[in-house]
Structures are given as C-alpha cells and as structure tokens.
There are 2 protein chains.
Amino acid sequence: MQKRMLAAMLPVGQSDQPVRWQQQKSAQTRLRMIIAAMDCLVAGGYGGLTTQQVAERTGISRGAMHHHFPTRLELVTAVIDHVFYERMRLFLEDYLSELGRSTEGELVEIATAAHWRSVQTREYAAYLELAVAARTDPELQQFFEPVARRYDEVWISEMIESFPQWQAQWETMKLANDLAMVAHMGLLLNRPVMGEDRIDRVNALLSRVLRGLYQS
Amino acid sequence: MQKRMLAAMLPVGQSDQPVRWQQQKSAQTRLRMIIAAMDCLVAGGYGGLTTQQVAERTGISRGAMHHHFPTRLELVTAVIDHVFYERMRLFLEDYLSELGRSTEGELVEIATAAHWRSVQTREYAAYLELAVAARTDPELQQFFEPVARRYDEVWISEMIESFPQWQAQWETMKLANDLAMVAHMGLLLNRPVMGEDRIDRVNALLSRVLRGLYQS
DNA sequence: AATATAACCGGCGATATTGCCTGTTTTTTG
DNA sequence: CAAAAAACAGGCAATATCGCCGGTTATATT
C-alpha cells in the first residue's frame with residue numbers, strides 16, 4: 001500500500017534509475033544540492049536559501065549549479081517535490097516499523113505518535129519554512145500549493161484505504177487527522193515558548209481526544 | 001482587569017502621553033512606521049520587511065527613517081512590542097464586548113470563538129511572521145523570544161485571575177488554552193490547503209473538546 | 001581516435017538593501 | 001529675535017545576491 005502512496009508523490013525524473021555514469025553522477029549532484037538547499041531552509045529559512053550557500057554546502061561552484069538548475073526557482077521546485085516525497089516516505093517507514101514492533105495497542109495512538117515524530121524531522125522543518133514562505137511569496141505559492149494539495153489528497157485517500165475497519169466513519173477519521181495535523185504544527189511553532197512539559201500534556205490530551213473520537 | 005494586562009505589555013516609551021508638538025509628531029510618525037512595517041510583514045514576510053518599503057508606505061524619506069530608527073533591528077524590536085500589545089488589546093476588546101453582548105452561553109465557547117477571531121487579525125499575521133522568522137534568525141530571536149515569553153506569562157496569570165470559578169482546576173484551564181492556541185495557529189497555516197469546511201469542522205470539534213474538559 | 005556532449009569552474013554586470021553622511025526646514029529655547 | 005535642537009530629505013559607498021557567459025575537463029558517441 002505504501003508503495004502506491006510513494007509512487008503518487010514521486011518527483012518527476014526519478015521513476016527510472018539511471019544507468020549511464022554521467023546521468024548517475026548528475027542525479028547524485030542534484031540530490032546533494034537539494035539536500036543542501038533543505039539544510040539552508042532549516043538553518044536560515046526561505047530567505048536563507050541562497051545559491052551561494054547551496055553551492056558552498058554542496059561543494060560545487062556556482063557555475064555548476066547553474067548547469068543543473070539554471071534558476072533559483074527551479075531548484076526550489078525540486079526541493080518542494082523532494083520534501084513532500086521524503087516526508088511521506090519517512091512517516092510510512094517509521095509508522096510501519098512501529099506497527100510491526102508493537103504486538104498490540106491502539107492503532108490511533110501509534111499513528112498519532114508516529115505523526116508527532118514525523119513533524120520533528122529535518123524534512124518537516126524544511127516543509128514548514130516553505131509553507132510559511134508560500135503564504136507571502138506568490139512565485140513560491142504558485143509551485144508549492146498544487147503539490148501541497150496533491151499531497152493532502154493522496155494522504156486522505158490512502159488513509160481511507162489503509163484502515164478499512166473505520167471506513168464507515170471516514171469523516172471522523174479525516175477530522176481526527178486534521179486536528180492532529182494542525183495541533184502538531186502549532187506545537188512545533190510554539191515549542192520555544194511553551195517548553196516540553198506543556199507540549200507533552202497537550203499531546204497526551206490530543207491522544208485521549210482522538211481515541212475517544214473513534215469509540216463514539 | 002484588562003487594564004493590568006495591557007499595562008504589563010505596554011511598549012516602552014508609551015506610558016506618558018507627549019505634550020510637545022514635536023514629541024507628538026515624532027510619536028505619530030513612529031507609529032505610522034511601525035504600522036507600515038506590520039503591513040510589510042503581512043504582505044511579504046520577514047524578508048519583505050525592508051527599509052525602503054516601510055519608508056515608502058509611511059510616506060517619508062529614508063533619511064527621516066534613519067532619524068527615528070537608526071537601524072533596521074531597532075524598528076523590528078518596536079514592531080515586536082507593538083504587535084504583542086495590540087494582539088492582547090484587540091483580543092480583550094473583542095472578548096469583553098462579546099461577553100457583554102451575549103446574556104448567557106458557555107464562557108469557554110465565547111472565549112474560544114474570540115481567540116479564533118483574534119488569530120485572523122493583521123496583528124496576528126504579523127506576529128506569526130515574526131515568530132516563524134525568529135526560529136531561524138538568531139538576531140531576531142534574541143529580541144522576540146523574551147517578549148513572547150513575557151506575553152505568555154501575562155496571559156496565563158491573568159487568565160487565572162479572570163476566571164476565579166475555575167481556579168481549582170487551573171491546570172486544566174492552561175491545558176485547554178494551550179490546545180486552542182496551537183490548533184488555531186495550525187489551522188491558520190493550513191487554511192490554503194484545508195479549506196473553510198474542514199476548518200469549521202475542526203473548530204467545532206475543538207469547541208466540543210474544550211467544553212468537555214471543564215466539565216470533567 | 002576524433003568529435004560531440006555533458007559536468008564543472010570562475011568571473012562579470014545588474015539589482016537591491018543597508019548604514020551613514022551632508023544639507024534643509026520647522027520647532028523649541030534662551 | 002537669535003541660537004539650538006529636532007524632524008526630514010536625498011545621495012553615496014559597501015555588501016550581497018542573482019542570472020549569465022566563456023572557458024576547461026571528463027565522458028560518451030561513431
């Protein structure tokens with residue numbers, strides 16, 4: 001099931017593995033640049049995503065950079081695709097491994113805990129910077145929002161198919177997912193002010209609320 | 001009660017009203033610049049808060065700007081103070097007026113609805129941009145976080161004193177407030193993707209959860 | 001092996017932003 | 001009324017970022 005989700009979010013140009021040396025090297029360099037750009041986002045926000053920084057972190061010249069991504073926006077769009085794909089991949093990897101490890105326990109709590117862990121990854125931090133910047137940058141918004149909507153749709157549809165036991169109350173499932181999503185994002189942004197203790201209490205309340213939702 | 005809250009968040013230099021013409025004019029110009037800076041934040045994020053834009057929106061030259069705020073950071077700190085103060089003032093104004101208008105009804109729901117309205121103001125949008133930028137900008141963080149913590153403390157302490165009927169379960173009150181705070185922030189950031197319908201449903205669920213919290 | 005293609009390097013000009021500086025007008029003070 | 005102080009205007013150098021270009025090395029094609 002997770003393969004279908006990932007396939008639906010796969011960045012363009014990554015579907016077929018390269019065989020030529022140059023293609024492989026090119027893909028590697030592109031990936032290193034995208035990861036460097038992600039690090040720039042985490043370190044300095046969208047404003048800190050500068051071509052010089054990316055080139056320096058990647059270890060290549062700005063000339064080579066211009067060869068792979070002629071303009072900054074093209075790099076940004078590649079980062080957008082990569083971030084959404086990796087966000088979903090890492091969540092599925094973590095969630096499914098946790099699902100196999102714990103013999104029993106509430107699925108809702110496992111999924112909620114996995115989601116909370118997923119928002120603490122570097123990929124989510126980069127996504128957050130892009131999402132916030134897209135609200136005030138029309139150029140970025142133009143490329144970010146469509147992908148964000150597609151990611152949301154894939155997430156919802158796959159959630160429905162992955163939990164057939166709750167298919168009857170899939171509206172409730174969507175609602176619970178939305179609440180966890182927005183609450184976790186808010187917790188992350190308020191972490192410096194709130195502190196870990198209050199965050200843990202809110203997460204405990206959230207887990208209790210979501211569990212109750214499915215039982216009603 | 002609200003006077004004490006506001007006094008605790010009052011920006012420095014605004015406690016005594018100016019009497020001289022020049023002082024008054026200077027204060028007016030400074031305020032216009034701060035408001036223009038807020039508009040810049042809402043329009044283009046923290047990166048869009050540029051001295052040229054502020055001067056242009058205010059209608060003064062960059063030279064006059066340098067007279068009132070020698071450096072960009074000094075303007076930003078003034079904006080920080082103003083945003084927190086206005087955020088609290090607008091919430092209290094709206095909440096208290098709504099409290100006097102509706103003869104009965106749950107206090108929790110009225111407060112929650114008022115808080116949801118408060119996060120849709122221009123002042124909150126500016127606060128959000130500053131809060132997000134402060135996570136990756138050490139310079140901004142240095143001035144933002146202390147004020148944010150003080151705002152949080154004033155909010156909590158005043159909440160406790162304003163609702164003596166729930167003083168016995170003030171831990172629950174803090175928890176409920178935290179959940180509403182983070183959920184509303186997350187809703188706001190996910191609005192472009194989620195859409196109004198899902199937001200309304202999450203808000204309805206949130207209201208139901210918070211009401212239940214106080215009754216248990 | 002020779003040519004073509006791709007990856008990569010370093011530098012240039014254009015643009016934008018910041019801080020500071022000099023000069024002018026308006027208000028306050030002695 | 002003259003001098004001092006404050007509000008305001010416009011310009012200049014320093015810095016940073018972006019897009020682009022010519023040239024170089026490594027790889028692929030025939």
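Chain naming here is simple, since letters A, B, ... match the order of the sequence lines and numbering starts at 1 in each. Hydrogens, waters and symmetry mates play no part in the numbers below; they use all other heavy atoms, side chains included.
Counting only heavy atoms from C-beta outward, the side chains of B/Met65 and B/Thr58 never approach each other to under 4.5 Å. Between A/Asn177 and A/Trp155, the closest side-chain pair of non-hydrogen atoms falls below 4.5 Å. Taking 4.5 Å as the limit, every side-chain heavy atom of B/Ile35 sits out of range of all side-chain heavy atoms of B/Arg57.
A sub-4.0 Å separation between OP1 or OP2 of D/dC18 and a side-chain N or O of A/Thr50 is present. For the pair B/Thr29 and D/dC8, the criterion of a side-chain N or O lying under 4.0 Å from OP1 or OP2 is met.
For residues 57-74 of chain B, proximity to DNA chain C is found at B/Arg62, B/His66, B/Thr71, B/Arg72, defined as any non-hydrogen atom under 4.0 angstrom from a strand atom. Contact check of residues 129-137 of chain A against DNA chain D (heavy atom, cut-off under 4.0 Å) returns no residues at all.
Under a 4.0 Å N-O distance rule, the pair B/Glu129/A/Arg135 qualifies as a salt bridge.
Below 30°, between 30° and 60°, or above 60°: for B/His115 and B/Phe91 the angle between ring planes is above 60°, a perpendicular geometry. Using bins of under 30°, 30° to 60° and over 60° for the plane-to-plane angle, the ring pair A/Tyr127/A/Phe84 lands in the perpendicular bin.
Residues passing the salt bridge (Lys or Arg N to Asp or Glu O under 4.0 Å) test with B/Arg117, sequence neighbours excluded: B/Asp94.
B/Arg72 forms a cation-pi arrangement with B/Tyr46, by the criterion of a distance under 6.0 Å to the ring centre and an angle within 45° of the ring axis.
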